[in-house]
Amino acid sequence: MSHEMRTPLNGVIGVNQMLLDTALNDEQRELAELIKTSAESLLDLINDVLDLTKVESGKLELEYYDFDARNTIEDAIDSVIMKAVSKGIEVICAFNPRVPARCRGDGVRLKQVVLNLLSNAIKFTQRGEVEVRTELLKETTTHDVLKVSVRDTGIGIPLDAQSKLFSRFTQVDSSTTRNYGGSGLGLAISKQLVELMSGTMGVTSTPGKGSTFWFTVVLEKAETLGISHLRQLPSNYTMLVVSQNFSTRSMLSSCLEAWGADVSAASDENEAKFYLNANHTDTAVISFTHSENDTAVLKPIMNFITTSVTKVRFWILLCPITYVGKIRDLVAEMAKRFAAKGDTVAEHIVLGMVIMSKPVRQGVLHDCVMQLHANGVYGKVGKHNVVETFSKPNDETHVDSFEISKNAVDTVEVSNQQIEVPPFKVLVAEDSVASQMAIRRLLSMYGADVTVVADGSEAVDSVVTKGVSYNLAFFDINMPILGGIKAMHLIRNSAIDLPIIALTASIDEVELQSYHDEGFSMVTTKPLRVSACREILSKYGHVLPPDYTKLRPAIHAPSSSSSTRSFSRVEDVYPGRGDTSRKQYVVLVVEDNVTCRKLAQRIIEREGLDVHFAVNGVEAVEKTRETSYSCVLMDCNLAVKDGLQATREIRERESVCGGKRLPIIAVTASAMSGDRKRCMDAGSKFSTTLNDTGL
């Protein structure tokens, strides 16, 4: 089922990515991006379901290898940091000094659990902080027991709801999924993974104040010693930590003290200035909070750095990744001012300041301090933290914050005369972004002036409080904050004459009738069909344009001749991408899925390579006997002689006949490392999924 479920979805994702790589107009790109988002969400759900199935059936086997537990947890934080930054949430990562640098166990599964707890913490926290704390709970001669806690300042969980948190497909209440998303599988999977690692999982929470999820795992002692045990700073090395955030200040101070530094801490620039006036300081670490991105708040701390710059040998500035560029520019301006005054000492110190994104990895921070002490400069760009460079994050909020365009057509052409038609104003209350987009486009296609809101309270506010007049309204039944039924009743109770159409995903006749009985003017099911839309608009007085196709958003359709055109070379489709000098490189693609074959062909030919096909393992073995291929992309799951068996037969023939070993790359939709290992054990060079980057 893993293969059968993932393969068609990977085809959708892969082909859609190819579509995104072509020239699209704004509407087409918006729709393709929506496909991408929805397909990836579905893939995440499938992965969760399959993970849960494997765990519950006893088929999931843990792997055992030496890994760095600290790096693993920091990797999990890196995966979600952009989401936290976009919400203005401070993320803190704290390790007890006794936590071993290396352990032996399944680092991938450990990261999966931490990542799930982190994602939940950020999802349910609107402001404040999320802290990941790791400590060594117990140690024997053969094993280490680690405890990882993820604390947030989010909405919290009522005591009576905490008992069902770790059940499958369960949320705290029915509105959680609609407000925050999720399937209710993550915690159930995490708990079972933790139990596989001989640990336990629990939660403490106070509604309105936040939650702390924790788990323990039993890991074997590592067979190799990690270099992190050797982290040490020079003796009598003095450091000052400045941060308004207590948790960040405590974490940095404890970390530096564990390395042997003499550390003092200050909560603001005034405390820091008092300390520097009385003490020699080798290095100052300034951690900027999200609020300090505001110029008014930022000015005092930058003035402090300017006036105190020569009192510290080295400065390390930590800030959210989105502020790195701004801080860098302010520091550059500071250096210019000192240069203009002829203060070369201050200028040199400012130019040597290190600006890092946070949360900073412990290894990166240690390397930075040591290099500054030894060389007076930090010239290494961190592998995991942005250092002295500005990286603009991907815009993850554009889907949620898109502005509804008012493309209503106010005139209709009849017999070459322009007749003024008043706009037909439609209010749509719908919380799903995909449904918002679809309904808006459909109504706009018929010339309606569409306003979209995300819940019933916004609809009531617009109609009742603000007194906006609409000709028609569509209300989704299930919305967060205020549902469609209550919103409709509030408008009806205000004696406002507004036809309100109920939108529902239900197809149950009894349920549909109940909505009509509640007082809705009409009830229609989602998705809203073209015929139903046209009928509803006509029924409630909208004058449909004689030729509504003129109102469709402009889409550049291919010419009539292009529908039958056959592309003999990829350069005809992707001009400039093909490289005919590489045509001697021939790839055999062994794949029984038509969509995947076409996708592979597009990707490979776009790079100027020749491609041949086989649809099963029998053909693959025969073709490799007849033709000398540069490499083979072998699907692992084939109906007639699967890819694993075909690979073994090719390898057996090579061992008998000798000659050059043919590179065979396993193509698999499976994300399980054990499945990939089986592909490689059969003789594949390595494994990949069928996408542009992987291939």
Side-chain angles (χ1 to χ4, degrees), residues 48 73 76-77 79-94 112-135 137 147-194 199-216 243-251 289-291 320 359 396-397 400 431 454-457 478-483 486:
D48 282 347
I73 292 171
I77 293 175
S79 300
V80 297
I81 190 61
M82 290 310 306
K83 185 64 176 177
V85 169
S86 70
K87 298 177 72 173
I89 298 171
E90 184 94 354
V91 178
I92 303 105
C93 181
Q112 181 179 349
V113 176
V114 175
L115 186 57
N116 178 261
L117 298 185
L118 262 173
S119 299
N120 284 344
I122 293 170
K123 182 196 303 183
F124 295 106
T125 301
Q126 299 306 317
R127 64 182 64 87
E129 64 187 42
V130 171
E131 182 186 54
V132 183
R133 181 170 294 275
T134 308
E135 55 190 310
L137 202 62
K147 180 179 180 180
V148 181
S149 304
V150 179
R151 176 184 61 83
D152 65 62
T153 56
I155 59 177
I157 304 164
L159 183 62
D160 58 352
Q162 294 176 19
S163 59
K164 62 180 182 180
L165 281 174
F166 302 103
S167 301
R168 298 180 303 167
F169 300 104
T170 301
Q171 300 278 21
V172 172
D173 58 55
S174 59
S175 68
T176 302
T177 298
R178 300 192 67 82
N179 287 332
Y180 299 99
S183 62
L185 281 176
L187 286 175
I189 295 170
S190 295
K191 184 174 187 294
Q192 297 196 48
L193 288 175
V194 165
T200 57
M201 177 175 280
V203 60
T204 58
S205 183
T206 303
K209 293 186 177 180
S211 307
T212 299
F213 283 84
W214 58 267
F215 68 92
T216 62
S243 177
Q244 291 184 357
N245 185 283
F246 173 79
S247 300
T248 298
R249 194 165 66 246
S250 300
M251 178 274 296
T289 63
H290 288 268
S291 62
E396 297 180 349
T397 61
D400 297 322
D431 61 317
D455 59 70
S457 65
N478 293 299
M479 292 183 288
I481 303 178
L482 188 68
K486 290 184 179 179

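All heavy atoms count here, side chains included; hydrogens, waters and symmetry mates do not.
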Nearest-0.5 Å distance that lies between atom CG in L159 and atom CD1 in I157: 10.5 Å

side-chain contact (heavy atoms from CB on, under 4.5 Å) against L137, all qualifying residues, sequence neighbours excluded: V145, K147, T216

Partners meeting side chain to side chain donor-acceptor pair (under 3.5 Å) with Q112 (sequence neighbours left out): D51, R109

By side chain to side chain donor-acceptor pair (under 3.5 Å) - contacts of T134 (at least two apart): none

Closest contact, heavy atoms only, G210 versus S205: O-OG, 3.1 Å

side-chain contact (heavy atoms from CB on, under 4.5 Å) partners for A76, two or more places apart: K111, V114, L115, L118

By side-chain contact (heavy atoms from CB on, under 4.5 Å) - contacts of R133 (at least two apart): A94, E131

Steps toward side-chain contact (heavy atoms from CB on, under 4.5 Å) verdict (F215, L193): CA-CA 10 Å; F215 68 92; L193 288 175; over 6 Å; no

Contacts of N116 that satisfy side-chain contact (heavy atoms from CB on, under 4.5 Å) - sequence neighbours left out: N120, L187, S190

Spatial distance of atom OG1 (T289) from atom CZ (R249) [nearest 0.5 Å]: 11.0 Å

Heavy-atom closest pair, residues D455 and P480: CB-O, 3.3 Å

Flag side-chain contact, heavy atom, 4.5 Å: T125 against T153: yes

Taking every non-hydrogen atom, the tightest pair across I122 and K87: O-NZ, 2.7 Å

Qualifying residues under side chain to side chain donor-acceptor pair (under 3.5 Å), relative to S243, sequence neighbours excluded: none

Considering all heavy atoms, the nearest S457-I481 contact: OG-CG2, 3.7 Å

Residues forming a side chain to side chain donor-acceptor pair (under 3.5 Å) with S247, sequence neighbours excluded: E129, R151

Backbone N/O of V150 and side chain of T212: donor-acceptor pair under 3.5 Å: no

Audit row: V91, V80, side-chain contact (heavy atoms from CB on, under 4.5 Å) steps and yes/no: CA-CA 10 Å; V91 178; V80 297; over 6 Å; no

Donor-acceptor pair, side chain of D152 and main chain of S211, under 3.5 angstrom: yes

Rounded distance (nearest 0.5 Å) linking atom NZ of K83 with atom OG of S119: 10.5 Å

